[in-house]
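Numbering of ligands and ligand atoms starts at 1, following listing order.
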Amino acid sequence: MAPTNRIIELSSIIARETAVINDFLVSNKLPGPSLDWDATPTIPIPDDATDIKAARSAVIEASTELKALLTGPRELLRFQWTDFVSVKAVLRFDLDKSFPLKESTSFEAMSRFSGLSARNVRRVVRHAIINHYFFQENTPGIITHSALTAILASDEVMRNSLRVELDEFWPAGVKMADAMERWPNSEESNETVRFFDLDARVERRLISQGFALANNSNKGMFDIFVDNPERAARFGLYFSKPDQTADGLLDDYPWAGLNTMVDVGGSHGSVAIGIAERFPNMKCVVQDLPDTVAEGASRLPAALHGQVSFMAHDFFTEQTVSADVYYFKSIFHNWADKYCIKILQSLVPALRPDAKIVIHERILPGLESLNTVDARRAM
Ligand SMILES: C[S@@+](CC[C@H](N)C(=O)[O-])C[C@H]1O[C@@H](n2cnc3c(N)ncnc32)[C@H](O)[C@@H]1O
């Protein structure tokens with residue numbers, strides 16, 4: 001039985017560490033956290049302010065536990081299975097884009113914009129306000145943006161990212177248990193979806209299934225996208241979102257002494273573009289499925305046309321480009337070991353003795369050093 005003073009202990013942590021953050025913001029004349037439409041999109045704590053970042057983690061961790069304790073076990077079992085339905089509807093019907101950032105709107109105006117009834121708009125919007133801080137309704141019936149909808153309405157990459165998660169990954173997750181029952185321990189990509197394997201400490205396709213079932217298909221995720229160019233384009237854009245781990249690759253890998261790299265499964269080429277911009281001597285070839293490279297090529301900045309090229313290539317077939325580096329980012333986590341081996345073997349015909357293979361995957365710290373908030377985020 002937990003000691004009764006745990007909730008006091010947690011509330012003291014929250015009070016103490018929140019004061020640390022507040023003092024830092026005030027003394028550096030930085031804006032306080034807000035969810036209003038004109039709020040700064042991220043809490044302005046610099047990377048090197050490690051003590052302030054630690055204080056923030058401590059507050060989030062303690063308040064999550066305090067909330068769980070005060071909710072109580074029985075009530076915690078009442079899952080909000082409807083959690084994301086409203087967000088998905090807001091995005092599907094572009095309600096966040098239905099009025100300018102600084103202005104307000106009404107349910108009736110949103111209804112005219114979307115073709116949904118005013119009653120359904122009201123249900124969806126109020127659900128999203130209450131559950132996700134989407135929009136604000138400070139005066140009944142008058143809707144303004146919140147910080148979250150303001151970001152979505154003005155940041156297409158962020159918006160697309162949420163859409164892919166809700167339209168592609170979420171339905172697959174809903175079908176995971178069904179697929180596990182149907183194909184226990186499968187390693188086939190038409191029967192599995194990606195998941196974090198906390199024990200192995202890497203992100204892998206942990207036999208957690210559902211994409212094919214969710215799509216009423218017997219094909220794997222990438223083959224399903226081949227048949228749906230619009231969805232494939234959104235999935236490709238998903239990988240254009242800012243990725244700090246790719247920044248590390250630019251800073252820490254010795255590109256300066258090299259001339260050629262192939263970004264295998266490189267999607268729209270965001271990493272290759274970053275390398276080409278930073279290292280003018282580098283020639284980068286982005287290989288991916290035909291529709292994906294066509295979309296990537298159409299988005300390539302003109303200044304990089306001589307340096308970055310796109311090539312349709314199935315990484316299960318023989319590599320034809322001879323290069324200094326073959327770079328794989330977030331590729332192997334999608335495939336079971338036997339397919340990863342096949343992907344690597346396909347490089348052999350093109351490999352020069354001094355060629356390097358760079359594998360870029362997210363590795364988790366051990367569970368023992370991961371706080372519950374980070375562990376949840378990782379999954
Ligand atoms: C998880 S994404 C990673 C994209 C990119 N490397 C990144 O991290 O931003 C996997 C990529 O592999 C590509 N892909 C899947 N099957 C492929 C295949 N057989 N041959 C080449 N590319 C493939 C997908 O189209 C997708 O762009």
Exercise for review: Give the intermediate values and the outcome of side-chain contact (heavy atoms from CB on, under 4.5 Å) for residues Ser346 and Gln319.
Suggested key: CA-CA 6 Å; Ser346 301; Gln319 180 58 259; 5.6 Å; no
Exercise for review: Please work out whether any backbone atom (N, CA, C, O) or any side-chain heavy atom from C-beta onward of Asn334 is under 4.0 Å from ligand 1, and answer side chain, backbone, both or neither.
Suggested key: side chain
Review point. Closest approach of Val164 and Arg234, non-hydrogen atoms and distance?
Key: CG2-O, 3.5 Å
Review point. N/O to N/O below 3.5 Å, does that happen between Ile331 and ligand 1?
Key: no
Study note, to complete from the structure: If we number the atoms of ligand 1 from 1 as shown, the ones under 4.0 Å from a heavy atom of Ser267 are 4 (C), 27 (O)
Exercise for review: Determine whether the side chain, the backbone, both or neither of His313 has a heavy atom under 4.0 Å from any heavy atom of ligand 1.
Suggested key: backbone
Review point. What atoms of ligand 1 come within less than 4.0 Å of a heavy atom belonging to Lys329?
Key: 3 (C), 5 (C), 6 (N), 7 (C), 8 (O), 9 (O)
Revision key, fill the gap. For atom 19 (N) of ligand 1, the closest protein heavy atom turns out to be Asp314 OD1, 2.9 Å
Practice item. Hey, could you give me the CG/CG distance between Asn218 and Asp223, rounded to the nearest 0.5 Å? Key: 9.5 Å
Review point. Which residues, ordered by chain and number, are linked to Val308 in its hydrophobic cluster, where ILVMFWY side chains connect at heavy-atom gaps below 4.5 Å, directly or through other members?
Key: Ile273, Val286, Val293, Leu300, Leu304, Phe310
Review point. Given the side-chain rings of Phe79 and Trp81, with only the six-membered ring counted for Trp, is the space between their centroids under 6.0 Å?
Key: no
**Study point:** CZ-CG distance between Phe24 and Leu30, expressed to the nearest 0.5 angstrom
**Key:** 6.0 Å
Exercise for review: Please confirm whether Phe315 comes within less than 3.5 Å of ligand 1 when only nitrogen or oxygen atoms on both sides are compared.
Suggested key: yes
Review point. Nearest to atom 2 (S) of ligand 1, what protein heavy atom do you find, and at what distance?
Key: Phe239 CZ, 3.3 Å
Check your understanding: Under 6.0 Å between the ring centres of Phe222 and Phe211?
Key -> no
Check your understanding: What protein heavy atom sits nearest atom 11 (C) of ligand 1, and how far off is it?
Key -> Gly265 O, 3.6 Å
Check your understanding: Are Glu17 and Arg56 close enough for a salt bridge, meaning some N to O gap below 4.0 Å?
Key -> no
Review point. Among protein heavy atoms, which sits nearest to atom 27 (O) of ligand 1, and what does the distance come to when rounded to 0.1 Å?
Key: Asp288 OD2, 2.7 Å
**Study point:** Contacting atoms of ligand 1, where contact means under 4.0 angstrom from a heavy atom of Phe316
**Key:** 19 (N)
Revision key, fill the gap. Going by the 4.0 angstrom heavy-atom rule, the piece of Phe328 near ligand 1 is neither
Check your understanding: Got an N/O contact under 3.5 Å between His333 and ligand 1?
Key -> no
Exercise for review: Would you confirm whether the ring centroid of Phe134 sits within less than 6.0 angstrom of the ring centroid of His127?
Suggested key: no
